[in-house]
Amino acid sequence: METSDNTLLSFLNTAQQSAVTAAKGNLLVLAGAGSGKTRVIVHRIAWLITEQHVSPYSILAVTFTNKAAGEMRARLEELLGREAQSIWVGTFHGLSHKLLRLHWQEAGLPQNFQVIDGDDQLQMIKRIFKQLEVNEDRFEPKKIQSYINRKKDEGLRGIRAIDENPYEKVVQAIYQQYEKNCKENGLVDFAELLLRCYELLKNNSELLSHYQARFSHLLVDEFQDTNAIQYQWLSLLAGKSASVTAVGDDDQSIYGWRGAKIENIRRFEREFKETQMVRLEQNYRSTATILSAANALIENNGGRFGKNLWTEGEAGDPITVYAGFNEEDEALYVVREIREWLKSGKGADIGILYRSNAQSRVLEESFVRAGIPYSIYGGLRFFERAEIKDALAYVRLVVNTEDNTSFERILNVPPRGIGDRSLEKIREIVVSNQCSYWEAAKKAIETQVLSAKIESSLRSFVALISGLQTTTKTSLVDLIQAVIRDSGLLRFFKEQEGEKAQNRAENLEELMNAANDYEAEYSSEDELSPITAFLSYTSLEGGERVHASTENAVQLMTIHSAKGLEFPMVFICGLEDGLFPHHFSRESEQALEEERRLCYVGITRAKRKLYLTYAEKRRIFGRDEERQPSRFIEEVPEHLVNAIHRKVTVQAPTMMQKRVIDRSENETGLRLGQRVVHPKFGEGMLLDTEGSGERTRVHVRFDQYGNKWLALAYAKLEPV
DNA sequence: TCTATGGTGATTTTT
DNA sequence: TCACCATAGA
């Protein structure tokens, strides 16, 4: 390799360089927001290979998301070319999956085991509820699901000491049955991938020493997000001799509620011998003002490693705090500011961030009215969509008739007249014969326990699946095509009216394309059938999140999903006590600190302009409630904030309110936020005005009739 | 077996 | 408020 030390390091600052070139041994990189951490990991790998002559084959790099893994891989290929290909880069789940595929026998799995996602898991638990006749009033499937996942994330198998607590007893029984079903059906859930892989290495000294000898360098991104099992996994694989580079930011840990252990950073320092620490504090993203705000806010958290972001850049504009009189006013303000920004020719690369998804609606409505293109990030991913999962369930059942979850899912999809009653009959056979649903279905036909009509439906269903099984031998694309055609799914949606159904039909066609692309790139390195490989792929990589693909659209999303992104202009909306910090986080100091970190993440997404907004009144579950500004607003130093807005909006009517008062008080005596009554529509609240003089129109939210625009001259509005 | 109604409860989300 | 579900009628 001809890359010289110089070119590799020339664009890095001193701290980055010392992280990249840290000597053999363990390294903890505390990387602040926007400090170039991915860059550091990628360059460190390149440096190890080109300067230290470490074999690419001995390097393992772990990330949390497929997206991050993909980016890392791409950047490595840019730097290293073909040599990058033998580096193992992937997510914890992806790499565990790979190891389990390679060593399925030692792991005690069938060769064609399948990966199930959270939705499949929940379905299975619901089925167990029916099987074990669990009372759904006392036990919720969702709670049980998170119980199981929590246990696995902790690295614990459920079947320990039998608890005498009757509640626990039931939960344990469900857990046991769940494990049994997974085993019988050859299914592995997400948490299981990690746990099983950990156990595989733990219980197999030969395998373990092989991989320990192979991977001399392990690198982990977003270390603050690791949970217990991921830490153990890493620690086991590292053994005594590997060098581990952990990169993370304790201030950006926002997944504690999902089992991430921020303490893992301290633990790393303690348990991984002679750890060097490097802090990346120079920020290349935000203005000094924004960084000061972020620093001041996060200062209120205890037990931090401590880190102060700084920049060589300019101070930039002050942060604007806006208090709307209600959530619609807040949204209208956002729209107005965006309009101004767009008018001055700046791009629509704008992030509207909020604590919870429910907030998106009001914002969305105001963007629609203003005609500003927007896209909402969130919702289902491609492979999570119902119609796609239906089609894939056919594939799963064809490949593995033991897959009861899939059987149940598609038995009556599209509707073929086999409803709950018939399913119940089949389930009885399952219980009495201890067999799969598939076997039970065949038995039901033989023993003629069903009505003639349903029996014939069931017969053709069995014939359909059997017929598809012969297609298995050809190819993935052929099978998917046959499934979509022969199952009647595509026809079912095509025959329906409405955009929704047409969309679903299109999605099914898109699935064929996805399979086509996958098969074209597929190389059978671990003698895995392309069909099995594709099914795992669909579970492990949910595909792109759905959002309207408008060019030049402002982006609406939760702060959680904004992590890792940046925008020149950022709005953080709904900064109110009880919403952000969320009232669920009120009890514990720990939870509050995580909320504060979340706010820190939000603030540090902004490059140039930052707005913090809230509403003094908000509709919560249909009730107008008085709101207090979030403590996080108070934690931003006064001198960084646009004081004019703050004073005006907090203590006096807003500019807009003033205008309306000036203009209309003489004529109507109305002001924004005021309660009014209309002869036909009854009572409501004045939201906005438009135009002037005779053409003045007012926007009113009526209690009974919803939002309406009315011409002020004709509408006989009276103040209440 | 498919469609209407009522009770319930309501963060954040990747794999 | 409203979306999700479970249960009851056509």
Side-chain angles (χ1 to χ4, degrees), chain A residues 62-69 90-97 115-122 126 129 136-137 140-142 146 149 152-153 188-195 197 222 225-227 229-230 253-260 327 353-362 377-381 383-384 411-424 451 453-454 457 536-543 545 557-564 574 578-586 591 594-595 597-599 601-602 618-625 701 703 706:
Chain A
V62 195
T63 63
F64 272 83
T65 64
N66 292 305
K67 195 173 157 217
T91 62
F92 278 103
H93 293 87
L95 295 168
S96 295
H97 175 247
V115 181
I116 56 169
D117 67 12
D119 187 52
D120 301 328
Q121 186 183 38
L122 188 61
K126 282 184 180 164
F129 268 56
E136 289 211 27
D137 294 336
E140 291 164 53
K142 278 217 175 93
S146 55
N149 289 333
K152 291 190 181 188
D153 285 343
V188 174
D189 63 50
F190 286 138
E192 183 74 18
L193 282 171
L194 288 162
L195 182 55
C197 183
E222 306 279 17
D225 288 337
T226 50
N227 63 25
I229 189 69
Q230 286 160 342
S253 163
I254 55 174
Y255 286 108
W257 51 276
R258 219 169 57 187
E327 73 275 16
L353 313 183
Y354 36 78
R355 177 65 238 266
S356 66
N357 285 310
Q359 290 169 255
S360 68
R361 195 141 103 190
V362 182
Y377 185 93
L380 290 182
R381 294 149 167 271
F383 292 119
E384 287 168 354
L411 180 63
N412 200 30
V413 176
R416 45 174 73 86
I418 311 173
D420 279 346
R421 275 306 277 287
S422 317
L423 183 62
E424 202 53 55
S451 72
K453 202 169 131 205
I454 291 170
S457 291
S536 305
Y537 164 79
T538 60
S539 298
L540 284 166
E541 308 212 13
R545 278 206 178 267
M557 65 183 85
T558 63
I559 304 173
H560 280 92
S561 26
K563 191 175 170 203
L579 187 55
F580 193 18
H582 201 277
H583 65 268
F584 283 177
S585 311
R586 214 171 356 213
E594 181 152 313
E595 295 280 309
R597 291 193 292 271
L598 188 61
C599 189
V601 167
R618 184 179 293 272
R619 237 167 202 229
I620 308 255
F621 307 145
R623 257 172 221 291
D624 276 330
E625 284 182 22
R701 181 171 74 205
D703 300 343

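Letters A, B, ... mirror the listed sequences (proteins, then strands); counts begin at 1.
Residue order along DNA chain B, read from the 5' end via each residue's closest nucleotide, puts A/Phe584 first among A/Phe64 and A/Phe584. Along DNA chain B, the nucleotide closest to A/Ile418 and the one closest to A/Gly118 are compared, and the more 5′ of them pairs with A/Ile418.
Within the 4.0 Å cut-off from OP1 or OP2 of B/dT12, at least one side-chain nitrogen or oxygen of A/Asn357 is found. Proximity of A/Thr558 to the phosphate of B/dT13: a side-chain N or O atom is located under 4.0 Å from OP1 or OP2. For the pair A/Arg361 and C/dA3, the criterion of a side-chain N or O lying under 4.0 Å from OP1 or OP2 is met.
At a threshold of 4.0 angstrom between heavy atoms, the contacts of A/Arg421 are confined to the sugar-phosphate backbone, with no base atom among them. Within the 4.0 angstrom heavy-atom criterion, no nucleotide atom of any strand lies near A/Asp117. Looking at heavy-atom distances under 4.0 Å, A/Asn412 makes contact with sugar-phosphate atoms alone, never a base. As judged by a 4.0 angstrom heavy-atom cut-off over every strand, A/Asn66 is placed among residues touching the sugar-phosphate backbone only. No contact: A/Leu423 has no heavy atom under 4.0 Å from any strand. Heavy atoms of A/Ser539 sit nowhere under 4.0 angstrom from any nucleic acid atom.
For A/Tyr537 and B/dT15, the OH to P distance is 12 Å, given to the nearest whole Å. Rounded to whole Å, atom P of B/dT12 lies 12 Å from atom NZ of A/Lys142. Atom CH2 of A/Trp257 is separated from atom P of B/dT15 by 12 Å (rounded to the nearest Å). Here the P atom of nucleotide B/dT13 and the CD atom of A/Glu594 are 13 Å apart, to the nearest Å. Whole-Å rounding puts the A/His583 NE2 to B/dT11 C1' distance at 8 Å. Rounded to whole Å, the distance from CD on A/Glu327 to P on C/dC2 is 12 Å. Atom pair A/Ile559:CD1 and B/dT14:P shows a separation of 15 Å (rounding to whole Å applied). Taking atom CZ of residue A/Phe92 and atom P of nucleotide B/dT14, one finds them 17 Å apart after rounding to whole Å.
When the P atom is compared between B/dT12 and C/dC5, the two are found 15 Å apart, to the nearest whole Å. Between B/dT13 and C/dC4, the two P atoms lie 16 Å apart (nearest whole Å).
At distances below 3.5 Å, at least one donor-acceptor pair connects side-chain atoms of A/Asn66 with backbone N or O atoms of A/Leu540. In this structure a side-chain-to-backbone donor-acceptor pair under 3.5 Å is missing from A/Asp225 to A/Ser253. Panel note: side chain A/Ser457, backbone A/Arg416; a donor-acceptor pair is recorded below 3.5 Å.
Applying the 3.5 Å distance criterion, the base of B/dT12 shares a donor-acceptor pair with the side chain of A/Arg355.
Among B/dT12, B/dT11, B/dT15, the nucleotide with an atom closest to any side-chain atom of A/Glu595 is B/dT11. Here B/dC2 is the nucleotide among B/dC2, C/dT1, B/dT12 with the atom lying nearest to any side-chain atom of A/Pro415. Minimum atom distance to the side chain of A/Phe621 is reached by C/dT1, of the listed B/dT12, C/dT1, B/dT15. Considering only side-chain atoms of A/His582, the nucleotide from C/dT1, B/dT11, B/dT13 that sits closest is B/dT11.
The distance from the OG1 atom of A/Thr91 to the NE2 atom of A/His97 is 10.0 Å, given to the nearest 0.5 Å.
Checked for salt-bridge contact, A/Arg381 and A/Asp117 miss the test: no charged N lies under 4.0 Å from a carboxylate O.
Using bins of under 30°, 30° to 60° and over 60° for the plane-to-plane angle, the ring pair A/His560/A/Tyr255 lands in the tilted bin.
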